[in-house]
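Numbering of ligands and ligand atoms starts at 1, following listing order. Throughout, numbering of the chain's residues begins at 1 and tracks the sequence.
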Amino acid sequence: MMARFLVLISCALALLSSSLTTALIVERFFNVQNLTVQRLCHEQVITAVGGSLPGPTISVKEGDILVVHVLNMSPYNISIHWHGVFQLLSGWADGPAYVTQCPIRPGRSYTYKFQITGQEGTLWWHAHVSWLRATVYGALVISPRLAHSYPFPKPDEEATILLGEWWNANVVDVENEGLAAGVPPNNSDAFTINGQPGDLYSCSKTNTYKLTVVQGKTYMLRIINAALNYQLFFSIANHKMKVVAIDASYTEPYITDVIVLAPGHTTDVLLTADQPVGSYYMAARPYITVPGIADNTPTTGIIAYQHSTSATPLMPVLPESNDTARAHKFYTSLVGLAGGPQWVPVPRNVDEHMFIAFGLNLAPCGGSGTCEGPSGQRISASMNNESFQLPSSSRLSMLQALFYNKKDGIYTTDFPDNPKVKFDYTNPTISSDQSLLFAPKSTKVKTLKYNSTVEIVLQNTALLAVENHPIHIHGFNFHVLAQGFGNYDPQNDPKNFNLDNPQIRNTIAVPVGGWAVIRFTANNPGIWMAHCHLDAHLPWGLGMAFEVLNGPTLLSTLPPPPIDLPQC
Ligand SMILES: *[C@@H]1O[C@H](CO)[C@@H](O)[C@H](O)[C@H]1NC(C)=O
Ligand SMILES: *[C@@H]1O[C@H](CO)[C@@H](O)[C@H](O)[C@H]1NC(C)=O
Ligand SMILES: *[C@@H]1O[C@H](CO)[C@@H](O)[C@H](O)[C@H]1NC(C)=O
Ligand SMILES: *[C@@H]1O[C@H](CO)[C@@H](O)[C@H](O)[C@H]1NC(C)=O
Ligand SMILES: *[C@@H]1O[C@H](CO)[C@@H](O)[C@H](O)[C@H]1NC(C)=O
Ligand SMILES: *[C@@H]1O[C@H](CO)[C@@H](O)[C@H](O)[C@H]1NC(C)=O
Ligand SMILES: [Cu+2]
């Protein structure tokens, strides 16, 4: 609130130039620093913003300009991504290290500055370098601008619920250890709600997150999955939830007793305190499509009714961790609020059709480290048989390379529109076919003309493992036209496309052994990553990037970089 008052003066200037705007400048200071915290009977030094885990919630109104001064006092390279923010003409602030900026080195700073327009709801911010987002993350709440309102009765109160993952270890070491051995990194030791594992984990009871509610009132819970590697089911004992938005896009209200979120997803639900005065757990545990998680303990928080004397909260019934049917039902029941605030109709003319087959594969043993993956190789991942490498030893980020037209040695523009080799993508018997398993490492982008419309079939493969991957696209929301299991059928599946009110998202959990079709308009020049939001898979190469060219006008041209843009 304070910042709002402080900026009124600079705002007056903006108001002079445009009498209609109500935009304010919201200014924040992020100190990224070591923080010693206690979790699970264990003391751990983590990297965090502002001395808390999760970091601070940023609240803005749609149309506001957000200015965040990041000072890196940690021992690690840092960058911050504003997950789901369009970054219209502000691609320099998107954040993925080596893609839109070089990292902020220890002791240095960078100011992220961008306007948030055309979107409202819940988003979040997180580190976009190594695994540091495990502890460097927080909520970004975008409320309707002045004189606008929610497309549902205003809730009495709001709360942010950040689901996370905790390691009794240094997360950068965990990542590097896995990469060096060519195998999946160590599993986390707990899931968390607002940074706390909750009552069911050791030494966690006293700090369990608690939301006190008043009987009869309605609360909007802004739920964010900030976990690194797991989708999560989330339920509240004895209470229904009414979903009203996902990924900062309004939906038709959908009433359910369980929701599921993939890493990167957000879900806004209305919760009415309509049960007897008492105490109720909210709880989350993974939805998994590959076996391997050792500990299935749910993370918990407490919904405590005012004046409740109950000492033991009621526990919700969570789906089994392998309940794909339940997850799929939730994901496919959501539709967009067509005609509602910030609604964007589905673009009808498609300029670019892409088919991206993606999943895990192998990289030949070589270089330093050991090779403890299948057949003595290293686990890798790819999209259309290209395993994405960050240009981390280059002098320029990819966006600088685009802006200064110095792409040589940094990236190439030949990302394939289709798989070069077609195969029975989801047939489990191909899982170890050596002729399909090895993908070369590369840094390839797909070039898009300004304002072109792209339709992508995202097709899971069964190579090595068949798994649900949440694919996140930077810079754009997309419509989810359809999704299903098995191989995409180009004859019949388009008949079921929802072109009227599909859900709008920035991250799509592509069904295990299945596919999803998305569509978006490339109305923002820059370099925009599309990648798996499981942090175990991204460094293996499960990503690519779009290079969106400038349009013909000043308002469709990427401005020059800010003077403090970090250099490599
Ligand atoms: C921060 O923590 C790291 C270990 O994660 C340690 O090596 C470093 O010395 C610490 N720095 C400060 C300033 O405490
Ligand atoms: C990963 O787990 C193994 C086995 O428990 C342990 O020895 C190792 O120290 C862990 N690695 C890290 C980085 O914590
Ligand atoms: C899920 O796991 C349970 C318990 O291990 C098992 O009984 C059930 O058959 C599994 N369901 C599916 C759909 O795989
Ligand atoms: C992947 O690329 C490699 C190297 O070009 C090639 O040998 C292999 O056949 C390709 N595999 C597929 C499935 O396209
Ligand atoms: C891009 O498309 C939008 C929406 O269709 C349109 O309003 C705008 O004029 C187009 N911009 C350019 C430069 O073509
Ligand atoms: C930090 O970033 C700089 C600039 O890109 C790079 O030279 C350095 O190797 C990075 N350090 C680590 C530990 O990745
Ligand atoms: Cu993945």
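Ligand 2 has no N or O atom lying under 3.5 Å from any N or O atom of N170, backbone or side chain. In terms of N/O distances under 3.5 Å, ligand 3 is approached by N322.
Between W515 and Y425, the ring centre distance reaches or exceeds 6.0 Å.
Of the candidates H128, H81, H83, H533 forms a ring pair (Phe, Tyr, Trp, His ring centres under 6.0 Å) with just one, namely H83.
By the 30° and 60° cut-offs, the orientation of the rings of H474 relative to H472 is tilted.
Which parts of ligand 2 touch A169 is read off a 4.0 Å heavy-atom cut-off, strictly below it: atoms 14 (O). Within the listing of ligand 2, atoms 1 (C), 8 (C), 10 (C), 11 (N), 12 (C), 13 (C) sit less than 4.0 angstrom from a heavy atom of E177.
For K113, the NZ atom sits in a loose shell: 12 or fewer heavy atoms of surrounding residues, nucleotides or ligands are nearer than 6.0 Å.
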>> Quick one, F520 with F546, criterion ring-ring contact (aromatic ring centres under 6.0 Å, His included). Give me CA distance, side-chain angles, the key distance, then yes/no.
In response: CA-CA 12 Å; F520 68 95; F546 294 101; 5.6 Å; yes
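A salt bridge links D535 with R133: the closest approach of a Lys/Arg side-chain nitrogen to an acidic carboxylate oxygen falls below 4.0 angstrom.
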Report every pair formed by an N or O atom of ligand 5 and a protein N or O atom separated by less than 3.5 Å, giving atom names and the distance to 0.1 Å.
{"residue": "ligand 5", "atom": "2 (O)", "partner": "N451", "partner atom": "OD1", "Å": "3.2"}
{"residue": "ligand 5", "atom": "2 (O)", "partner": "N451", "partner atom": "ND2", "Å": "2.3"}
{"residue": "ligand 5", "atom": "11 (N)", "partner": "N451", "partner atom": "ND2", "Å": "3.0"}
{"residue": "ligand 5", "atom": "14 (O)", "partner": "N451", "partner atom": "ND2", "Å": "3.4"}

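A distance of 6.0 Å separates CG of N523 from CG of L88, quoted to the nearest 0.5 Å. Atoms SG and CG, from C532 and N229 in turn, are 8.5 Å apart once rounded to the nearest 0.5 Å.
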